[in-house]
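In this text the structure is predicted, and so the values were computed from the model without any measurement. Within every chain, numbering begins at 1; the chains are lettered A, B, ... in the order of the sequence lines, protein sequences first and strands thereafter.
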Amino acid sequence: MDREDFKKRFIKARRAAIETDFSRLNDMQREAVLTTEGPLLLLAGAGSGKTTVLINRIVNLIRYGRGSDCDFVPDWAEESDIEAMESGRAGADLLGVEPCEPWRILAITFTNKAADELKARLLTALGEESQDIWAMTFHSCCVRILRRHIDLIGYDKSFTIYDSSDSQAVMKRVAKELELDEKMFPPKLILSAISRAKDEMLSPEDFAAAAEKSFDSKQRHYARCYVEYEKRLKAANAVDFDDLIFLTVRLLSENREVREYYQRFFRYVLVDEYQDTSILQYKLVSLLAGGCNNLCVVGDDDQSIYKFRGATIENILSFEKSYPGARTIKLEQNYRSTAHILGAANAVIRNNLGRKGKELWTNAGDGERPKLYVAMNEDDEAQFVANRILEAVSGGMNFRDCAVLYRMNAQSNRLEYAFKRQGIPYKVVGGMRFFDRAEIKDITSYLAAVHNPDDDLRLLRIINNPPRGIGAATIETVRSIASVEGRSLSSVIANADRYPELKTPSKKLLKFAALMDELRESAEKMPLDDFYDELLNKSGYLESLGTNDEALARIDNLKELKSNIIAYMESAETPTLAGFLDEIALYTDLDSVESGDNNVIMMTMHAAKGLEFPYVFIVGMEDGIFPSLRSIGDSEEMEEERRLCYVALTRAKEKLFLIAAKQRMIFGKTSSNMISRFVDEIPEEHIEKPENTYSHRYSAWDEPDDEPSYSWQRREKRTPDEGTYSWQRRERRTDESVGYGGWSARKTEVRQYKKPVEAPKKTVETPKAPALMALEVGDRVKHKAFGEGTVLAITPMPGDALVSVQFGDKEKKLMLKTAGSFMTKI
DNA sequence: ATCATAACGCTTTTT
DNA sequence: GCGTTATGAT
């Protein structure tokens with residue numbers, strides 16, 4: 001009996017001793033870290049320190065195993081051990097119970113960015129041994145498993161990975177050959193139908209059978225495409241993104257040996273952003289974690305914004321049902337935003353029905369109420385944002401502290417105009433991605449075709465690029481021969497002289513085949529980066545680009561690709577062409593925000609998930625834009641939009657501006673929309689609106705009431721600095737004629753504001769009225785608010801200048817135009 | 001084969 | 001309003 005009592009005290013003391021390692025966490029966070037065994041659902045609100053918990057949890061697992069969460073007491077334990085633990089003298093040998101080996105921990109994320117961040121923070125926390133942890137994305141985890149065992153389900157281990165544009169190219173061909181009208185059956189739609197089928201684990205045959213039964217002709221066409229699409233991928237020894245997950249699930253379900261191997265292998269499985277998982281990913285996770293059942297999922301049902309690409313919020317809502325005995329911990333303390341911002345966000349998300357229910361709180365203080373500005377039109381809106389940013393910078397903030405969020409990428413245009421005009425440096429995140437650029441696709445297609453001669457898709461892309469006189473007619477002939485003989489294009493091309501039909505172009509074809517062989521040989525014997533140069537030259541690609549402005553931008557991008565190759569060579573143990581192809585197939589997100597740059601960040605609300613900024617501007621707060629037109633009338637879609645709104649609002653740390661325009665051009669048509677219903681959902685106490693802002697109500701069917709739409713605001717006063725419409729028009733013309741790098745080259749341009757080419761002048765001249773103060777580095781100035789200071793640096797900007805001034809021990813950055821009136825030279 | 005013009009049709013996006 | 005794409009003309 002004494003022993004029982006002793007055991008209880010021992011366990012308590014052990015947990016208490018382990019807790020001291022995590023004393024910096026709040027109670028809920030610590031609970032999450034110390035709960036190691038069995039299924040655990042972690043509902044982590046925005047800004048609640050989720051990643052910190054994840055890191056600490058892994059540290060705990062490696063250091064103490066299940067020490068904090070089990071009843072085990074060693075037989076040799078005695079009273080002095082408890083004393084040791086209570087006095088803080090106990091080490092891991094006493095506190096730990098089966099500490100976990102790093103490589104038995106699987107931490108799955110969604111994006112490479114998240115995986116990289118996790119790895120970096122684990123390295124800081126644990127050092128070298130952290131590198132054995134399986135911290136990676138769903139897809140890279142699957143690639144790792146499939147590269148080892150995919151032959152067990154009838155694929156070749158050296159498979160290539162097709163990205164979505166590859167998939168689209170294949171599907172376009174398939175649809176054409178099946179004589180489907182592109183208007184009725186856009187390749188994108190067919191692919192998403194197939195994606196859904198894979199999500200439900202339907203093979204082409206299953207899908208076809210189901211379609212037959214349903215008498216739905218559309219489904220039957222989809223099924224035909226699926227069959228043909230799959231056939232082509234298989235022939236090219238390729239798999240698409242969905243296949244990576246699908247085939248891994250198939251492998252694990254069908255092959256008991258492999259399944260049990262991984263189930264024994266992984267002792268702890270953690271999944272980040274669980275609200276974004278699909279049914280298939282749910283299956284994958286439950287297969288991988290099926291052994292020890294130590295599955296910890298982290299997510300926020302209120303931040304699920306990716307339903308359109310297959311995510312089911314159900315996964316998180318029914319976690320406790322799927323995993324009986326699961327524990328749930330909510331992290332609701334927010335360390336990011338002030339109370340008014342959280343109040344607004346909480347108020348909006350409360351209107352959703354399908355949620356677990358969470359309420360963020362903070363003890364960071366009330367802060368300022370979010371502000372609503374009702375603009376005349378999009379130019380006024382952009383001007384407003386620009387002015388507030390300049391004010392903020394005058395007040396000592398950096399440009400990078402400000403973010404502008406919008407619903408669709410197209411909205412960035414007007415803001416860019418305004419920012420350029422005002423000399424505000426900015427960076428647009430998203431839009432055209434690096435690996436989608438034509439020149440990058442071209443060269444990676446060469447790399448893929450060199451590595452895998454059977455990759456017909458990539459071969460077709462490069463065979464006549466640069467032009468080699470191999471035209472469409474020739475290619476058609478080659479393809480029909482290949483299809484009749486059931487061989488790959490490259491093998492037909494290599495033997496072109498044996499086919500009478502190819503007599504005329506055989507010389508060109510053989511020359512191309514020889515080129516590819518030569519490149520393959522080079523790839524074998526050269527280091528990757530040298531081979532890359534060789535490829536650019538021997539293929540004639542570089543030469544064919546020419547030397548105009550657009551070509552130079554493309555060449556820049558190709559140099560960027562080379563630096564990627566070099567970075568890969570440095571990071572990989574044994575760099576190979578195959579390895580690099582794997583990496584770029586999964587790593588498309590290279591234009592990550594470089595934190596060193598001092599730019600205003602512009603992006604969609606989707607892209608902003610997981611980020612935070614002191615100042616946040618949300619533009620286009622209008623019904624029809626946000627929430628989007630397509631979601632109005634559908635309550636499920638509306639809830640998703642509302643979650644997106646919640647995500648957007650919770651990005652702000654200090655100041656939040658919501659901007660709506662009375663009139664705006666959408667898709668070339670002028671329309672006036674009502675202020676977003678989400679604004680109405682924020683109570684007066686948490687939002688500052690202009691006077692006379694009418695609030696409008698909706699019926700339960702999302703129908704706007706019959707109030708005329710222009711009447712929400714009567715008449716707002718215009719301050720002079722907001723500018724007038726005609727002035728803005730004129731300015732924009734000038735802007736266009738100057739060219740700013742040329743709009744035509746926009747596709748290849750990195751859309752980032754570049755400083756004027758001239759070297760920074762030490763003196764700011766007075767370019768035009770109103771005259772700017774003439775200042776030089778080293779001048780003493782007196783500022784109304786900050787007192788006396790010394791000018792440290794001056795950066796000229798169109799029509800203005802950014803001045804750094806040392807006031808006492810504080811350095812402030814001021815825009816001269818704005819700050820000039822508060823400052824005098826002394 | 002390559003350029004010019006017209007017609008269309010548009011969320012959100014990672015891997 | 002803009003970018004992509006299909007079609008026809010040279």
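Residue A/L284 forms a side chain to side chain contact (heavy atoms under 4.5 Å, CB included) with just one option from A/L244, A/V271, A/V249, and that option is A/V249.
Comparing B/dC10, B/dT13, C/dA6 by their closest approach to the side chain of A/F667 singles out B/dC10. Between C/dG1, B/dT13, B/dT11, one nucleotide has an atom nearer to the side chain of A/M408 than all others, and that is B/dT11. The side chain of A/M665 lies closest to C/dG1 when the candidates are C/dG1, B/dT15, B/dT14.
Among the heavy atoms of the strands lying under 4.0 Å from A/T604 are primed sugar atoms or P, OP1, OP2 only; no base atom is included. Residue contacts for A/E640: at a heavy-atom cut-off of 4.0 Å it reaches no nucleic acid atom on any strand shown. Across all strands shown, A/M605 has no heavy atoms under 4.0 Å from either base or sugar-phosphate atoms.
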Could you give me the CA-CA distance, side-chain angles and deciding distance for A/R232 and A/E177, then say whether salt bridge (charged side-chain N to carboxylate O under 4.0 Å, His left out) is met? CA-CA 13 Å; A/R232 302 212 176 185; A/E177 274 167 46; 2.7 Å; yes
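For the pair A/I305 CD1 and B/dT11 P, the interatomic distance rounds to 17 Å; values are reported in whole Å. Between the NZ atom of A/K183 and the P atom of C/dT5 there is a distance of 12 Å, given to the nearest Å. In this structure, CG of A/L611 is placed 14 Å from C1' of B/dT14, rounded to the nearest angstrom. Note: CZ (A/R468) to P (B/dA1) measures 14 Å, nearest angstrom. Here the P atom of nucleotide B/dG9 and the CZ atom of A/R630 are 12 Å apart, to the nearest Å. Atom CZ of A/F159 is separated from atom C1' of B/dT15 by 13 Å (rounded to the nearest Å). Straight-line distance from the NE2 atom of A/H606 to the C1' atom of B/dT15: 16 Å, rounded to whole Å. Across the protein-nucleic acid pair, A/E273 atom CD and B/dT13 atom P stand 15 Å apart, rounded to whole Å.
A distance cut-off of 5.5 Å between ring centres, combined with a plane angle under 30°, places A/F308 in a stacking arrangement with the base of B/dT12.
Under 4.0 angstrom from either OP1 or OP2 of B/dT13 there lies at least one side-chain N or O belonging to A/N409. Considering only side-chain N and O atoms, A/N413 lies nowhere under 4.0 angstrom from the phosphate OP1 or OP2 of C/dC2. Distances shorter than 4.0 Å separate none of the side-chain N or O atoms of A/S164 from OP1 or OP2 on B/dT14.
In textbook terms, a nucleotide whose glycosidic angle is within 90° of 0 is syn, while B/dT12, being further out, is anti.
Map A/G469 and A/T137 each onto its nearest nucleotide of DNA chain B; the residue landing nearer the 5' end is A/G469. In terms of position along DNA chain B, the nucleotide closest to A/N464 lies nearer the 5' end than the nucleotide closest to the other residue of the pair A/N464 and A/E637.
Under the rule for a side-chain hydrogen bond (donor to acceptor under 3.5 Å, both in side chains), the partners of A/N351 that lie at least two apart in sequence or sit in another chain are A/E681.
Interatomic distance, NE2 of A/H139 versus OG1 of A/T109, reported as 10.0 Å (0.5 Å rounding).
Pairs engaging residues 469-478 of chain A under the side-chain hydrogen bond (donor to acceptor under 3.5 Å, both in side chains) rule: none recorded [sequence neighbours left out].
Figure legend: cation-pi geometry between A/R173 and A/Y229 absent, as NZ or CZ is not positioned both under 6.0 Å from the six-membered ring centre and within 45° of its axis.
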